[in-house]
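Below, chain A is the first sequence line, B the second, and so on; all start at residue 1.
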2 protein chains.
Amino acid sequence: MDILCSDLEGVFLPEIWINVAKKTGIEELRLTTRDISDYDVLMQKRLSILKEHDLRLADIQAVIAELDPLEGALECLDEIRSKHQIIIVSDTFTQFAGPLMEKLKRPTLFCNSLEIGADGSVTGYRIRQKEGKKKTVMALKSLNYRVAAFGDSYNDLGMLEAADTASFFRPPEKLVDEYPDFTVNHTYDALQTWIEGVLS
Amino acid sequence: MDILCSDLEGVFLPEIWINVAKKTGIEELRLTTRDISDYDVLMQKRLSILKEHDLRLADIQAVIAELDPLEGALECLDEIRSKHQIIIVSDTFTQFAGPLMEKLKRPTLFCNSLEIGADGSVTGYRIRQKEGKKKTVMALKSLNYRVAAFGDSYNDLGMLEAADTASFFRPPEKLVDEYPDFTVNHTYDALQTWIEGVLS
């Protein structure tokens with residue numbers, strides 16, 4: 001039996017931090033691992049920026065609730081879920097993804113979580129485990145599933161390499177050059193055709 | 001982080017084979033593991049009954065599509081899914097569950113599958129793995145999830161015992177007598193209160 005594993009941001013949803021930066025006008029929130037390579041240093045920086053601007057979880061969730069899934073994402077997911085099981089695996093935080101997952105009709109999401117203080121401020125974060133994407137694929141394989149995975153980014157490589165079959169979806173050119181063996185899909189139609197081709 | 005694992009038939013959906021028996025008037029399809037203890041013998045019997053009555057997959061799916069989730073099941077699942085991740089784990093077959101899962105807004109389902117012949121007849125079945133319910137809990141634990149599980153029947157015991165915390169939902173009295181240490185919930189309201197109590 002088959003199952004799908006997919007990334008979230010860049011595949012079905014816009015990048016959340018970048019859009020929070022846009023909507024709040026706080027340019028520093030645009031920082032990514034390309035600017036600060038140590039993820040923990042980056043996250044601590046983000047948390048201190050939120051504190052500095054007195055942005056609590058509810059404020060950020062209100063901003064996120066204004067965002068929408070990528071154009072065509074809901075229709076694509078609906079179609080996929082009418083035929084297959086899919087687990088979405090993301091490095092985002094459950095509290096951030098919530099309002100947008102609702103707009104995607106709540107597919108199952110495995111991700112990380114924020115620590116929230118009594119006053120609603122974001123006090124820290126918890127990574128469920130290291131290499132969470134790759135380990136999800138391995139766990140599904142332990143259940144005798146054949147796994148087809150897709151994602152758009154460097155942090156998806158562990159998941160894509162562990163899967164039985166994998167595809168990039170709208171990846172940066174650099175990634176395609178570095179990993180020329182993966183299939184590349186740029187549209188939801190192409191992605192769905194690929195899925196039907198690889199899943200029996 | 002927490003996740004829920006749940007049984008399907010008897011918890012959110014009516015028993016599928018029993019209802020197919022009712023709707024088709026084929027009394028023999030009511031046979032369960034209480035009548036024929038060897039599951040493979042029981043399934044081969046069911047498949048031969050289907051063949052005898054020339055019932056193909058599409059015929060059975062049409063019957064199943066007339067069924068509805070248990071009263072209050074959709075509302076309960078909607079509420080659960082607005083707050084938590086849930087994986088439904090069932091011994092049913094993906095082709096049977098499909099029409100009813102749609103009515104439950106497609107929560108993720110791990111189950112078994114039927115083998116379908118070129119003419120649409122049910123030629124066999126595939127169990128994804130032995131102890132699939134228990135192994136699902138173990139796989140989720142390997143992802144650093146704390147698992148809360150609920151189910152109604154003997155085939156749920158492996159899942160309930162492997163989980164960090166577990167509850168029976170509308171179990172037969174006999175099961176409660178044999179396993180008095182498990183929490184018992186009889187209504188969706190009670191189940192939801194239990195879930196909110198055990199999940200942080």
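A salt bridge does not link B:R170 to B:D152: none of the charged nitrogens lies less than 4.0 Å from a carboxylate oxygen.
The candidate with the highest count of non-hydrogen atom pairs below 4.5 Å against chain A, out of B:M138, B:R106, B:K135, is B:R106. Ranked by heavy-atom pairs under 4.5 Å with chain A, the first of B:C111, B:P107, B:G98 is B:C111. Looking only at heavy-atom pairs under 4.5 Å with chain B, the residue among A:K83, A:R126, A:M101, A:R128 that has the most is A:R128.
In this structure, chain B has a heavy atom under 4.5 Å from the backbone of A:I86, while its side chain stays farther away. Looking at A:T94, the atoms closer than 4.5 Å to chain B (heavy atoms on both sides) all sit in the side chain, from C-beta outward. Contacts of A:K105 with chain B are made by backbone atoms alone, with heavy-atom separations under 4.5 Å and no side-chain atom involved. Residue A:E102: no heavy atom, backbone or side chain, is found under 4.5 Å from chain B.
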Just do the side-chain contact (heavy atoms from CB on, under 4.5 Å) check on B:L175 and B:Y154 with the steps written out, would you?
CA-CA 7 Å; B:L175 197 55; B:Y154 283 94; 3.5 Å; yes

Where do A:L4 and A:Q85 land on the side-chain contact (heavy atoms from CB on, under 4.5 Å) test, with the steps shown first?
CA-CA 6 Å; A:L4 291 158; A:Q85 300 299 317; over 6 Å; no

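Side chains of A:Y125 and A:D40: a donor on one and an acceptor on the other come within 3.5 Å.
Taking the six-membered ring where tryptophan is involved, the planes of A:W194 and A:F150 are perpendicular, since the angle between them exceeds 60° and thus also 30°.
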